Amino acid sequence: MKKTLFVGSLVIMGIFAGCGKEKGGETAGTVKTQILKVAFNQSEKHPQYKALENFSKNLEEQTKGAYKLEISPNELLGDQRATAELVQNGVIQMSVVGNPVVESFNKDFAVIGLPYLYDSLEHQKKVFTSDVLNPLFKSVSANGFEVIGAFTAGARCLYTDKPMTKPEDLKGYKFRVMQSDTMKKMVDYMGGIGTPMGQGEVYTAVQQGVIEGGENNEVTYVDLKHYEIAPYFSYTNHLMVPDLIIINEKLYNGMTPENRKIFDDLMKQTIAEEFTVWGENVEQAKKIATENGAKFIEVDIKPFQERVKPLQEEVANRSDMTKKIYKDVRDLAK
C-alpha cells in the first residue's frame, strides 16, 4: 500500500509531539516514559477500549514507567485504513484495525475472517491465545508494522427492517459490509447483496434507502444506535472477524528484551481478559436495544453455512499458509 497519507499527516504532527524518547528504540535504564499513541475507531465504552486501558496501566507499572498508552477513540485519528498507514510511518505507534485492513497487505489474512470458521467464542479464544496464528501475523512485518494479537469482536449478525431467518429472506436486500472482497462475497453467497461502506455511513445510508441494513455485533449495533433504523437483529452468527492490534515495527523491535517480554506477556493476558469483558457488554447492549424496541431473532444457521462453503474452500486453499492456518484453527475446535 502506498504511503499516501504521510504528507497529509504532517498537518497533524503537532498533535503527536512530546511522545517521549525517539521512536523505534529505548535506552536501558532510562526512566522517561514513551507515550504510545493508539488509534481506536469505537467509543470509550467499548470492551476493547477498556482492555487497552488496563493493558496500559499494567504496562506502565511493569516496565517501571518506560511505556504507557494514549488511546484516541471514535476515529479521532482517522479511519482504520488511514491509521494503519500512520502506524507504518511511525506518526502514531499502534492501532486496532479490522482484519480486512491487514488483508489488503496480505490476502492470506482472509482465512481468519472466514464465515463460520469459529464454532463459538470459546473456540476463538483458544485460537487467539495459542500460537497458531503467529506465522500469519509475522508475514506482514516488511510493511513497517507488526500484528501483535487479535481481539474478539463477537459474532456478527444481520440487522434490518424484518427478520432474516433463511437465505431467501435476504433477496434484494443490500447489507453494509467492511471494505473487503471476501466480506462482499460472503453476503452475496448468503443470499443478499454485500455493499462495502464505512461504518460511520451506515445510519444515514439506511435512512436514505441506499442500503437496507448492516451486519455487526450487538455492542456496535447499540453503540451506533442502529436499532433505531434497523430494529430486527437476526442471529445468523455468520462471522467472528478478528480485530487486529498492530504496532510500528521499528518501535516494537527497538524495545529491550525485558520490556518486549513484558509487553508480549501482557498482550496475551489482555486478549484473554477481553473475551470476558466482551460477554458482559453483549448482555448490557441487548438490554438497551430491547428497551428501545429492538427484536432479537433466533436463526437456524445451517442453510447459511451451506451457502458459504464455496467461499470457505476458495480462501482456505489459496496458499500453503492458508491451508495450514485453516486446519490448525479447525483442529482447536475439537
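If you're wondering where the values come from, they're calculated on a predicted model, not measured in any experiment. Both backbone and side-chain heavy atoms feed into the values below; hydrogens, waters and symmetry mates do not.
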Counting distance only, does the side-chain N/O of Thr129 pair as donor-acceptor with the main-chain N or O of Lys125 below 3.5 Å?
-> yes

Where Gly194 and Asp188 come nearest, the two heavy atoms and their spacing | N-OD1, 2.9 Å

In terms of heavy-atom contacts, Phe275 and Ile271 come closest through CD1-O, 3.2 Å

Measure the shortest side-chain to side-chain distance between Leu224 and Val202 over non-hydrogen atoms and say whether it is less than 4.5 angstrom.
-> no

Let me see the working for Gln88 and Phe105 under side chain to side chain contact (heavy atoms under 4.5 Å, CB included), right down to the final yes or no.
-> CA-CA 12 Å; Gln88 278 186 289; Phe105 292 89; 3.6 Å; yes

Rounding to 0.5 Å, atoms CZ (Arg81) and OG (Ser104) come to a distance of 4.5 Å

Are any side-chain N or O atoms of Glu212 and backbone N or O atoms of Val206, one a donor and one an acceptor, separated by less than 3.5 Å?
-> no

Measure the shortest side-chain to side-chain distance between Phe128 and Phe151 over non-hydrogen atoms and say whether it is less than 4.5 angstrom.
-> no

With salt bridge (charged side-chain N to carboxylate O under 4.0 Å, His left out) as the test, would you mind laying out the steps for Lys50 and Glu274 before giving the verdict?
-> CA-CA 8 Å; Lys50 295 174 183 176; Glu274 191 258 344; over 6 Å; no

Would you say Tyr252 and Phe145 make side-chain contact, with heavy atoms under 4.5 Å?
-> no

Looking at side-chain heavy atoms only, is the closest gap between Glu103 and Ser180 below 4.5 Å?
-> yes

Do Asn74 and Phe40 have side chains that get closer than 4.5 Å, going by heavy atoms?
-> no

Please confirm whether the backbone N or O of Lys45 pairs with a side-chain atom of Ser43, one donor and one acceptor, at under 3.5 Å?
-> yes

The side chain to side chain contact (heavy atoms under 4.5 Å, CB included) partners of Ser319 (sequence neighbours excluded) come to Asp108, Met321, Thr322

Donor on one side chain, acceptor on other, Asn217 and Thr220, under 3.5 Å = yes

NZ/NE/NH1/NH2 to OD/OE distance under 4.0 Å, Arg330 and Asp119 | yes

Check whether more than 12 heavy atoms from other residues, nucleotides or ligands sit under 6.0 Å from atom NZ of Lys324, and answer yes or no.
-> no

So do Asp264 and Arg260 actually touch side chain to side chain, heavy atoms under 4.5 Å?
-> yes

Please test Gln124 against Thr152 for side chain to side chain donor-acceptor pair (under 3.5 Å), starting from the C-alpha separation and ending with a verdict.
-> CA-CA 8 Å; Gln124 193 180 54; Thr152 189; 2.6 Å; yes

Among Lys302, Arg307, Lys309, find the one that has a side chain to side chain contact (heavy atoms under 4.5 Å, CB included) with Gln305.
-> Lys302

Side chain to side chain donor-acceptor pair (under 3.5 Å) between Gln48 and Asp243, worked out | CA-CA 9 Å; Gln48 294 173 5; Asp243 282 335; 2.9 Å; yes

Among residues two or more places apart or on two chains, list those pairs meeting ring-ring contact (aromatic ring centres under 6.0 Å, His included) that have a residue in residues 171-207.
-> none

Do any N or O atoms from the side chain of His123 and from the backbone of Lys334 form a donor-acceptor pair under 3.5 angstrom?
-> no

Check: Asn317/Glu313 side-chain N/O donor and acceptor closer than 3.5 Å = no

Take atom NZ in Lys68; do more than 12 heavy atoms of anything else shown fall under 6.0 Å from it?
-> no

Within the distance-only criterion (no hydrogens, no angle test), does the side chain of Gln80 pair as donor or acceptor with the backbone N or O of Gly98 below 3.5 angstrom?
-> yes

Just by distance, do the side chain of Lys126 and the backbone of Leu332 share a donor-acceptor pair under 3.5 Å?
-> yes

Side-chain donor-acceptor pair present, Thr165, Asp169, cut-off under 3.5 Å | yes

Exercise: do Ser139 and Asn106 side chains pair donor with acceptor under 3.5 Å = yes

What closest approach, in Å, do Ile262 and Thr63 show between heavy atoms, and which atom pair accounts for it?
-> CG2-CG2, 3.9 Å

Kindly give the cluster partners of Tyr227, where membership spreads through any ILVMFWY side chain lying under 4.5 Å from a current member.
-> Tyr159, Tyr221, Val222, Phe233, Tyr235, Ile288, Phe296

No-hydrogen, no-angle side-chain donor-acceptor test under 3.5 Å, Thr33 and Glu60 | no

Heavy-atom pair of closest approach, residues Leu121 and Gly154 | CD2-CA, 4.1 Å

Are Leu239 and Tyr232 joined in one hydrophobic group, where the rule is that I, L, V, M, F, W and Y side chains link up if heavy atoms are under 4.5 Å apart?
-> no

Return yes if a side-chain donor-acceptor contact under 3.5 Å exists between Asp265 and Gln62, otherwise no.
-> no

Residues at least two apart in sequence or cross-chain that pass salt bridge (Lys or Arg N to Asp or Glu O under 4.0 Å) with Glu53, listed by chain then number, are none

Return yes if some donor-acceptor pair links the side-chain N/O of Asn99 with the main-chain N/O of Phe109 below 3.5 Å, else return no.
-> yes

Looking at side-chain heavy atoms only, is the closest gap between Glu85 and Val87 below 4.5 Å?
-> no

For Arg176 and Gly213, indicate whether the former's side chain and the latter's backbone hold a donor-acceptor pair under 3.5 Å.
-> no

Heavy atoms of Val308 and Met186 approach each other most closely as CG1-O, 4.2 Å

Donor-acceptor contact present, side-chain Arg156 to main-chain Met240, <3.5 Å = no

Which residues satisfy the ring pair (Phe, Tyr, Trp, His ring centres under 6.0 Å) test with Phe55, sequence neighbours excluded?
-> Phe263

With distance as the sole test, does Gln93 use its side chain to make a donor-acceptor pair with the main-chain N or O of Val38 at under 3.5 Å?
-> no

Is it true that atom CG of Asp181 has more than 12 heavy atoms of other residues, nucleotides or ligands lying nearer than 6.0 Å?
-> no

Show your reasoning for whether side chain to side chain donor-acceptor pair (under 3.5 Å) applies to Asn216 and Gln199.
-> CA-CA 10 Å; Asn216 220 312; Gln199 183 171 260; 3.2 Å; yes

Pairwise side-chain contact, Ile112 with Leu136, heavy-atom cut-off 4.5 Å (strictly under) | yes

Apply side chain to side chain donor-acceptor pair (under 3.5 Å) to the pair Gln284 and Glu280, showing each step before the final yes or no.
-> CA-CA 7 Å; Gln284 293 169 12; Glu280 294 168 354; 5.7 Å; no

Any residue meeting salt bridge (Lys or Arg N to Asp or Glu O under 4.0 Å) with Glu298, in chain and number order, not counting sequence neighbours = none

Co-membership, hydrophobic cluster, residues Val277 and Leu244, 4.5 Å side-chain | no

When Ile246, Ile71, Leu69, Leu251 are each screened for side chain to side chain contact (heavy atoms under 4.5 Å, CB included) with Met94, the one that passes is Leu69

